[in-house]
Amino acid sequence: MEILKLKNVTYTYKGKYQTVKAVNGVSAAFESGKVYAIVGKSGSGKTTLLSMLAGLDLPTDGAVYYNGTPTSKMDLDRYRRQDISVIYQGYNLFPLLTVLENVMYPQQLLGASKKAAQEVAEDMLLKVGLKKEQFKRFPSMLSGGEQQRVAIARTLATHPKIILADEPTGNLDVENGDNVVDILIGLAHRLDYCVIIVTHDNALAQKADVLLQMSDGRLSENAN
């Protein structure tokens, strides 16, 4: 089922001396239950596109639609809290919160009780392969792969419909990177999430259901 759609989306940066179309007339559709990989060189427009999908920016022209409604007419704070979540290369965990508290935190922001948030957090951490004895550790006490699993668990805890991943394997070795990719693929194929990954990792990209190429602000689909 189509959940996210781009229609003639353009994003223009206006500097003092020049105007640059970072994203130029992009149209695309994304469905639940599939993994999408967006590849392209630095400066091709991937990060800007991801920012608009995440509701952090609005297109200069065209529109991004979530379930048929343009993001320009939505409560973007609510959209980012409840419907979409981003996994970053740098994990973005709170260093002074335990693993469990990191996953509980966004739920409590949405009004969940401490008990309810803890139950969900524990369940999600187990689903991504963390062990109970790790729940009370701080992020710095975990490996990079384990920290990325915590970031994924935190994403899942608020039950978003769409997961955006920005270079999720960029800081990981091959084995941990493969494990993270397998988790993301499982989320799409078994639990019907829409997963969109921006990556330079060709091996990761080849595992996606749909491979998209970004070049000079334009998006095209490659055979996979």
Side-chain angles (χ1 to χ4, degrees), residues 1-6 28-40 44 46-47 49-55 66-67 80 82-93 99 102-103 106 120-131 134 142-214 219-224:
M1 182 181 74
E2 182 179 290
I3 189 169
L4 200 59
K5 184 176 182 178
L6 303 168
F30 301 92
E31 299 178 5
S32 300
K34 288 187 177 182
V35 179
Y36 298 82
I38 302 176
V39 300
S44 62
K46 303 189 306 298
T47 300
L49 185 67
L50 195 74
S51 182
M52 287 188 287
L53 292 175
Y66 171 67
N67 280 336
R80 290 191 295 266
Q82 298 185 8
D83 300 310
I84 198 161
S85 192
V86 184
I87 300 167
Y88 294 96
Q89 177 179 346
Y91 321 132
N92 284 19
L93 301 176
V99 164
N102 263 280
V103 182
V120 171
E122 289 176 349
D123 182 44
M124 295 305 170
L125 286 166
L126 291 172
K127 281 184 176 178
V128 299
L130 271 292
K131 299 175 182 178
Q134 296 173 304
L142 303 181
S143 69
E146 289 166 343
Q147 290 186 59
Q148 192 61 291
R149 287 171 184 247
V150 176
I152 293 172
R154 183 175 61 183
T155 290
L156 298 179
T158 55
H159 306 292
K161 308 298 187 299
I162 301 164
I163 295 175
L164 305 179
D166 187 5
E167 299 286 0
T169 62
N171 287 336
L172 305 179
D173 59 31
V174 173
E175 181 180 358
N176 279 307
D178 286 344
N179 289 336
V180 166
V181 172
D182 289 343
I183 291 171
L184 293 173
I185 291 173
L187 292 174
H189 293 174
R190 293 197 299 270
L191 299 177
D192 209 36
Y193 286 86
C194 175
V195 178
I196 303 170
I197 304 170
V198 168
T199 183
H200 284 99
D201 186 338
N202 288 327
L204 186 165
Q206 293 301 321
K207 292 182 179 181
D209 300 305
V210 180
L211 177 58
L212 299 166
Q213 177 77 40
M214 196 87 186
L219 193 67
S220 59
E221 184 170 341
N222 289 3
N224 208 355

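Source: prediction; values computed, not measured.
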Derivation of the side chain to side chain contact (heavy atoms under 4.5 Å, CB included) call for Ile196 and Ile163 | CA-CA 6 Å; Ile196 303 170; Ile163 295 175; over 6 Å; no

Kindly give the heavy-atom pair with the smallest separation between [X] and [Y], and that separation in Å.
X      : Y      : answer
Leu211 : Gln206 : CD2-NE2, 3.9 Å
Pro160 : Thr155 : CD-O, 3.1 Å
Thr169 : Gly177 : CG2-O, 3.6 Å
Gly33  : Asp209 : O-OD2, 4.3 Å
Leu172 : Gly145 : CD2-N, 3.4 Å

What's the separation between atom [atom1] in [X] and atom [atom2] in [Y], rounded to the nearest 0.5 Å?
X      : Y      : atom1 : atom2 : answer
Met214 : Leu50  : CE    : CG    : 10.5 Å
Tyr91  : Glu146 : OH    : CD    : 10.5 Å
Leu184 : Gln148 : CG    : CD    : 8.0 Å
Leu6   : Leu53  : CG    : CG    : 5.0 Å
His189 : Lys34  : NE2   : NZ    : 9.0 Å
Ile162 : Ser32  : CD1   : OG    : 7.5 Å

If we ignore hydrogens and angles and just use 3.5 Å, is the side chain of [X] paired with the main-chain N or O of [Y] as donor and acceptor?
X      : Y      : result
Gln134 : Lys131 : yes
Lys161 : Tyr193 : no
Ser51  : Thr47  : no
Gln147 : Leu93  : no
Arg149 : Val128 : yes
Arg80  : Gly55  : yes
Glu167 : Asp201 : no

Verify the distance criterion only: is there a donor paired with an acceptor across the side chains of Gln89 and Asp166 at less than 3.5 Å?
-> no

Sub-4.5 Å side-chain heavy-atom contact between Leu212 and Phe30 = yes

Trace of the side chain to side chain contact (heavy atoms under 4.5 Å, CB included) decision for Ile38 with Ile197 | CA-CA 6 Å; Ile38 302 176; Ile197 304 170; over 6 Å; no

Could you go step by step and tell me if Lys207 and Asp178 meet the salt bridge (charged side-chain N to carboxylate O under 4.0 Å, His left out) rule?
-> CA-CA 10 Å; Lys207 292 182 179 181; Asp178 286 344; 3.7 Å; yes

Do Tyr36 and Glu31 pass the side chain to side chain contact (heavy atoms under 4.5 Å, CB included) test, and can you show the C-alpha distance, the side-chain angles, and the key distance before you say yes or no?
-> CA-CA 9 Å; Tyr36 298 82; Glu31 299 178 5; 3.5 Å; yes

Check against side chain to side chain contact (heavy atoms under 4.5 Å, CB included), Val39 and Val198 = CA-CA 6 Å; Val39 300; Val198 168; over 6 Å; no

Can you check side-chain hydrogen bond (donor to acceptor under 3.5 Å, both in side chains) on Asn176 and Asp173, steps first, answer last?
-> CA-CA 6 Å; Asn176 279 307; Asp173 59 31; 3.2 Å; yes

